[in-house]
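Chain letters run A, B, ... following the sequence lines, proteins first, then strands; residues in each count from 1.
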2 protein chains.
Amino acid sequence: MSVLESLLRIDCGSTAESAVSFISESVKDAKASGVVMGLSGGLDSAVCAALCARSCDTTAMMMPDSAVTPDSEMADAREVARVTGVHTKVTDIGPIVAEFAKGVAHNDASLGNVRARIRMAMLYNHANLENVLVAGTSDKSELLIGYFTKHGDGASDIAPIATLYKVQVREMAGHLGIPRNIIDKKSAPYLSNARTAEDEIGLTYEEIDPILYCMVDRGMDDAGTSDSTGIDSTKVAHVRRLYESSRHKRAGSAGATMK
Amino acid sequence: MSVLESLLRIDCGSTAESAVSFISESVKDAKASGVVMGLSGGLDSAVCAALCARSCDTTAMMMPDSAVTPDSEMADAREVARVTGVHTKVTDIGPIVAEFAKGVAHNDASLGNVRARIRMAMLYNHANLENVLVAGTSDKSELLIGYFTKHGDGASDIAPIATLYKVQVREMAGHLGIPRNIIDKKSAPYLSNARTAEDEIGLTYEEIDPILYCMVDRGMDDAGTSDSTGIDSTKVAHVRRLYESSRHKRAGSAGATMK
């Protein structure tokens, strides 16, 4: 194992325990009665579901849009619900998205973001009714490279896996008993097409994560990052651009204000 | 004029100039071609429209829901568009809200938040297509007492009037030539009913603003705030509760994470 691999390695037991405490404390502090989260069939929401289920009463909403969500994802989501024991609610957002698209100009990318935002609105609608917190399912890799919809899937009250890189979430998933096919499949947002995240970004998370670790957690410059990771400098520069250009997505929710 | 009134008083000319520079610089830095914002017929969006129009190409979207938006608000919004010279787009969100409500349990309050979030999704859909920034219309008073929908009207790329208290926005409106009837009418969100903001909160902005100024900008405790403003201590305590309990709404957009 390289030095870097060992730095990105986590103690799954104690990390899971911290996350469970964080979720429980957040719910208690907010005088809420549990959490609600979106369950997609992907890795991140599976791990989030397992952690939330260990912490408090958890409702997982499955919100497919039949226009773009493969049936296989719904089957995986149901399997995660079964092994984690979360309550489920299924709502097809297709008709809402269609109604939205009818009234305004749009394209594939903008409509993908609309889907993420309608899901957010749906989670908060449930949260308002049931006095629960919205748990976001973004991981640290996605948050740092901006691979999420601002005020959509990136919007929540608490973000239980926001401190874990994708490769760490994968390790955690094994520890939490998430089915192997969900751990091994490539991450894909299914917001508008079936491309995987890594295809779209052009790098694997085995490259992205050590780069981000050196760049963000250790504050190294590009040359140092490339040296330490042994990863090509053009890839490092690519991640730096993603990181810098997505800064606004991680800012305060009201947006930038005058200094 | 009391000491406090004079502290809350702004130089409208130089404040407007700073806001215009901030908007222009933000647009330039983001390599965007202008801004899009929601225009409701209320005071805040009127001032925001006037400032944006002086800064860059501005599209103001009017997004009524015929179920709750009074015709008089649309007339006021049109008048603001006329005097400020912004481009307008009108989209009725009623059918989208109705489609949303069909599929899930909801109540008046939760559906009010859904309206704010659908408007946000609509602004970002336009922003995606036209490469413009979303300008939020929340003022400092609303942001500090939590009088906005999280990830809804409180969500934007830039927040041009987030540094101005409501009473200052009102002063600015006069300077910017906003029609008197818009300046003088009581603020109302029209998310789910026709109550004014001040009725709902139980305090006037002439009380809220000096309290917030002492409490937040000057860091005074409740006794000091009550002394300095001459406002009853129960009202001060009420504002403190609103300020503290809405802290989570002003946090990073991903939500709370483990420390």
For each of R250(B), H151(B), K150(B), tally heavy-atom pairs with chain A at distances under 4.5 Å, and name the one with the top tally.
-> H151(B)
Looking at M120(B), E25(B), K89(B), which one has more heavy-atom pairs under 4.5 Å with chain A than the rest?
-> M120(B)
Structural part of S18(B) lying under 4.5 Å from a heavy atom of chain A | both
Under 4.5 Å from any heavy atom of chain A - which part of K249(B) | backbone
Is any side-chain heavy atom of M63(B) closer than 4.5 Å to a side-chain heavy atom of L123(B)?
-> yes
Would you confirm whether T58(A), through its side chain, and C52(A), through its main-chain N or O, come within 3.5 Å as a donor-acceptor pair?
-> yes
Give, as side chain, backbone, both or neither, the part of S156(B) having an atom under 4.5 angstrom from any heavy atom of chain A.
-> both
Contact origin within A19(B) toward chain A - heavy atom pairs under 4.5 Å | both
Does any heavy atom of chain A fall under 4.5 Å from the side chain of H248(B), the backbone, both, or neither of them?
-> side chain
Region of A155(B) in contact with chain A, defined by heavy-atom distances below 4.5 Å | both
Tell me, side chain or backbone of L143(B) under 4.5 Å from chain A's heavy atoms, or both, or neither?
-> side chain
Whether N131(B) side chain and K31(B) backbone form a donor-acceptor pair below 3.5 Å | yes
